[in-house]
Amino acid sequence: MSEINVVPYIDVMLVLLIIFMVCAPLITPGQIDLPSVGQALNPTVAPLEIRISRDGGMTLVDRQQGGREQSVGRAELLAAVKAIQAKHAGQAVVISADKDLRYELVISVLDTLQKGGVERVGLLAKPET
């Protein structure tokens, strides 16, 4: 006999389907214990921006002080950043440079900040339109 009789398999599947349909509403879903927060997070602090112009001049822009701009030289850059970060712990620093500026100058500023112990440093870029 070369044929397979599938009727008993269909009967078993229908019986299992009925059992699951009857038992499903009786099962109570488990409860999940979510973690609680001990204290509220500090509000985010606007990052400190270092603008490097085409001629290599640097300006610090502190958005926490209403966008106050302060011109700084390479020698006093680290001290000025540390002084501002002392008021706002955990404030990030972003570097925005002119697109025609030599990349070495941006890397040297980034290196100076990282060697000085500034932890959160990033590069600011304009999104492509």
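Source: prediction; values computed, not measured. We're numbering straight along the sequence, starting at 1.
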- Query: Hey, does Val12 have a side-chain heavy atom less than 4.5 Å from the side chain of Leu16?
  - Reply: yes
- Taking every non-hydrogen atom, the tightest pair across Glu49 and Ser96: OE2-OG, 2.8 Å
- Val106 and Ala97 have their tightest heavy-atom pair at CG2-CB, 3.6 Å
- If two hydrophobic side chains count as joined below 4.5 Å and joins carry through other members, does Leu124 share a cluster with Val109? no
- Query: Would you find a donor on one side and an acceptor on the other, under 3.5 Å apart, between the side chain of Gln91 and the backbone of Gln85?
  - Reply: no
- Query: Would you call Thr112 and Val118 a side-chain contact if the rule is heavy atoms closer than 4.5 Å?
  - Reply: no
- Message: Given 3.5 Å as the limit, does a donor-acceptor pair link the side chain of Gln114 with the main chain of Asp111, or not?
- Response: no
- Going hydrophobic residue to hydrophobic residue with side-chain gaps under 4.5 angstrom, can you get from Ile52 over to Tyr103? yes
- Note on the structure: Separation between CG (Asp62) and CD1 (Ile50), nearest 0.5 Å, reads 11.0 Å
- So which residues get pulled into Ile4's cluster when ILVMFWY side chains under 4.5 Å apart are joined, directly or through others? Val6, Tyr9, Ile10, Leu14
- Message: Please give me the minimum heavy-atom distance between Arg54 and Leu101, naming the atom from each residue.
- Response: O-CD1, 3.6 Å
- Query: How about Thr59 and Glu69: does a side-chain donor come under 3.5 Å of a side-chain acceptor?
  - Reply: no
- Message: For residues Met13 and Val15: do they belong to one hydrophobic cluster (side chain heavy atoms under 4.5 Å, members Ile, Leu, Val, Met, Phe, Trp, Tyr)?
- Response: no
- Note on the structure: One should read off an interatomic distance between Asp100 CG and Asp55 CG, to the nearest 0.5 angstrom, of 12.0 Å
- Message: Is there a path of hydrophobic side-chain contacts, each under 4.5 Å between heavy atoms, that joins Leu110 and Leu78?
- Response: yes
- Task: Provide the closest heavy-atom pair for Val81 versus Leu113 in the form atom of the first, atom of the second, distance.
- Result: CG2-CD2, 4.1 Å
- Considering non-hydrogen atoms only, spot the tightest contact between Ala46 and Arg63 and give its length. CB-CB, 3.8 Å
- Query: If you look at every heavy atom in Leu60 and Ala80, which pair is closest and at what distance?
  - Reply: CD1-CB, 3.5 Å
- Decide whether Leu105 and Val93 are clustered together by the hydrophobic rule: side chain heavy atoms of Ile, Leu, Val, Met, Phe, Trp, Tyr closer than 4.5 Å, transitively. yes
